[in-house]
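Predicted, not measured: the structure shown is a model, and the values here were computed from it.
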Amino acid sequence: MAVADVVKLITENDVKFVDLRFTDTRGKEQHVTIPAHVLLDDPEAWFEHGHAFDGSSIAGWKGIQASDMLLMADPATARIDPFYDEPTVFLHCDVIDPADGKGYDRDPRSIAKRAEAYLKASGLGDTAYFGPEPEFFVFDSVTWGTDMSGCFVKIKAEEAAWASAEEFEGGNMGHRPGVKGGYFPVPPVDSSQDIRSAMVLLLEELGIPVEVHHHEVATAGQNEIGTKFSTLTQRADWTQILKYVVHNVAHSYGKTATFMPKPIVGDNGSGMHVHQSIWKDGKNLFAGDGYAGLSDTALYYIGGIIKHAKALNAITNPGTNSYKRLVPHYEAPVKLAYSAKNRSASIRIPHVASPKGRRIEARFPDPLANPYLCFSALLMAGLDGIQNKIHPGDAADKNLYDLPPEEDKLIPTVCASLDEALAALDKDREFLTRGGVFSNDWIDAYIELKMQEVNLTRMTTHPVEFAMYYSL
């Protein structure tokens with residue numbers, strides 16, 4: 001979409017406002033809104049010069065002494081917001097540092113664009129395709145509290161297995177998935193069909209092709225909406241839109257949606273499996289005659305991800321809660337191995353009908369990850385594997401959760417905590433900084449930001465500690 005198309009979209013739909021959106025380091029979209037006439041007064045100049053804002057208030061960004069930043073809207077991303085009362089067009093923006101006119105080194109979308117540029121400059125490919133599968137829960141309500149008197153969290157979900165003894169207005173109908181029982185009975189056991197369909201219709205209205213939607217394994221409303229793969233930056237844009245739609249549709253139904261990886265104890269957490277492939281001159285470089293139809297390029301790419309997995313965890317699994325999901329026996333891939341079909345391996349090769357669809361699937365990321373950072377980091381690790389011909393070894397076709405101890409200890413694992421992942425990132429960072437994609441300054445700031453979360457969790461007394469220690 002060109003600037004003229006944005007103007008046409010605004011004028012033909014009597015749009016009153018333009019919403020400028022960007023993503024912060026943690027992955028949350030931020031926005032600022034301008035009246036549409038500000039853009040329409042001189043559209044070409046407006047898109048060229050950008051919109052000034054204060055970057056010092058964004059966590060992990062510049063201090064107040066160097067806070068002036070510019071939002072540069074991407075006209076190709078213009079869409080009419082489906083939730084606002086007043087007709088509003090929203091645009092994804094890059095954050096530009098006015099000091100040099102380049103993408104700000106801590107702006108996630110600018111990092112994603114640099115990753116795509118690095119791929120082309122490397123000569124190893126010209127296009128990286130990504131297809132994430134973010135899972136999420138929809139609850140009826142959630143409450144929590146943390147103060148000096150204590151802490152608690154309470155999830156209410158009529159669909160939850162634990163709700164079988166509760167009284168509801170109109171009665172308790174009794175149809176609900178049990179623990180690990182949500183994949184995937186028809187309604188009324190699956191209570192989320194209509195809300196997912198509403199989400200899908202809005203996503204397609206916004207130009208995001210949907211391939212499937214269904215209930216996921218966990219009780220209490222775990223769901224997934226599968227959308228089509230695309231190029232790295234666009235696919236990250238789409239992921240942000242998907243999260244926005246999921247949150248707001250749930251809200252409109254009087255419910256609450258979360259992409260938190262492990263909100264429920266004792267059932268499956270929410271992952272974000274990420275499908276990936278590299279193409280050059282219209283050819284899928286991952287298709288070949290090797291294991292599961294893979295090329296050497298694809299195997300080396302897998303080798304790079306496995307080599308750098310612990311550093312990647314800091315970005316692909318960026319919360320303290322992420323590591324409550326990454327435990328065995330909850331369909332969480334903790335073993336750093338690859339396999340066709342085997343879902344206990346952290347890298348899976350999906351079965352496809354055509355070599356064009358050949359790809360690899362990283363299964364350890366979760367939907368708390370900032371998609372721009374997650375996809376970029378995975379690409380950089382894979383490219384390092386290709387550049388240095390890092391072979392991942394033999395495939396693992398056994399159930400990796402039930403190996404004999406002598407075999408189990410030979411297979412590396414993902415990190416067990418966020419602080420372990422941050423320490424790994426601090427030591428293993430060079431592959432990310434090639435081509436100026438990620439900067440050392442960004443990595444230092446990211447580690448500092450995330451260690452605040454680690455320390456807050458460390459210092460907060462947990463209710464389970466009372467069960468373990470109160471009477472000792």
**Q.** Side-chain H-bond candidate by donor/acceptor type, Glu211 with Thr227, under 3.5 Å
**A.** no

Q. Among pairs that include at least one residue of residues 282-291, which meet side chain to side chain donor-acceptor pair (under 3.5 Å), considering only residues two or more places apart or in two chains?
A. Tyr291-Asp397

Q | Leu336, Ile360, Asp384 screened by side chain to side chain contact (heavy atoms under 4.5 Å, CB included) with Ile305, the one that passes | A | Ile360

(Q) Consider side chain to side chain contact (heavy atoms under 4.5 Å, CB included). Of Tyr129, Phe130, Phe229, Phe375, which one does Gln276 pass it with? (A) Phe130

**Q.** Residues Arg21 and Asp19 bridged, charged N to O under 4.0 Å
**A.** yes

(Q) Under a 4.0 Å threshold between the charged nitrogen and the carboxylate oxygen, would Arg325 count as salt-bridged to Glu135? (A) no

**Q.** Thr23 and Gln240: side chain donor to acceptor below 3.5 Å
**A.** yes

Q: Kindly confirm or rule out a cation-pi arrangement of Lys255 over Phe139, judged by NZ or CZ under 6.0 Å from the six-membered ring centre and within 45° of its axis?
A: no

Q) Does the pair Asp366/Lys262 count as a salt bridge with the N-to-O cut at 4.0 Å? A) no

Q | Whether over 12 other heavy atoms sit under 6.0 Å from Gln387 CD | A | yes

Q: Before accepting this row, confirm whether a basic side-chain N of the pair Arg348/Glu361 lies closer than 4.0 Å to the acidic partner's carboxylate O.
A: yes

Q.
Tell me every residue that passes salt bridge (Lys or Arg N to Asp or Glu O under 4.0 Å) with Glu430, counting only those two or more places apart in sequence or in another chain.
A. Arg434

Q: Before accepting this row, confirm whether a basic side-chain N of the pair Asp296/Lys389 lies closer than 4.0 Å to the acidic partner's carboxylate O.
A: no

(Q) Can you confirm whether His251 is buried at NE2, in the sense that more than 12 heavy atoms of other residues, nucleotides or ligands lie under 6.0 Å from that atom? (A) no

Q | Salt-bridge criterion met for Asp94 and Arg109 (N-O under 4.0 Å) | A | yes

**Q.** Side-chain H-bond candidate by donor/acceptor type, Asn370 with Arg26, under 3.5 Å
**A.** no

Q) Can a salt bridge be assigned to the pair Glu116 and Lys113 using a cut-off of 4.0 Å between side-chain N and carboxylate O? A) no

Q: Compute whether any side-chain donor of one residue and acceptor of the other, for Thr25 and Trp61, lie under 3.5 angstrom apart.
A: yes

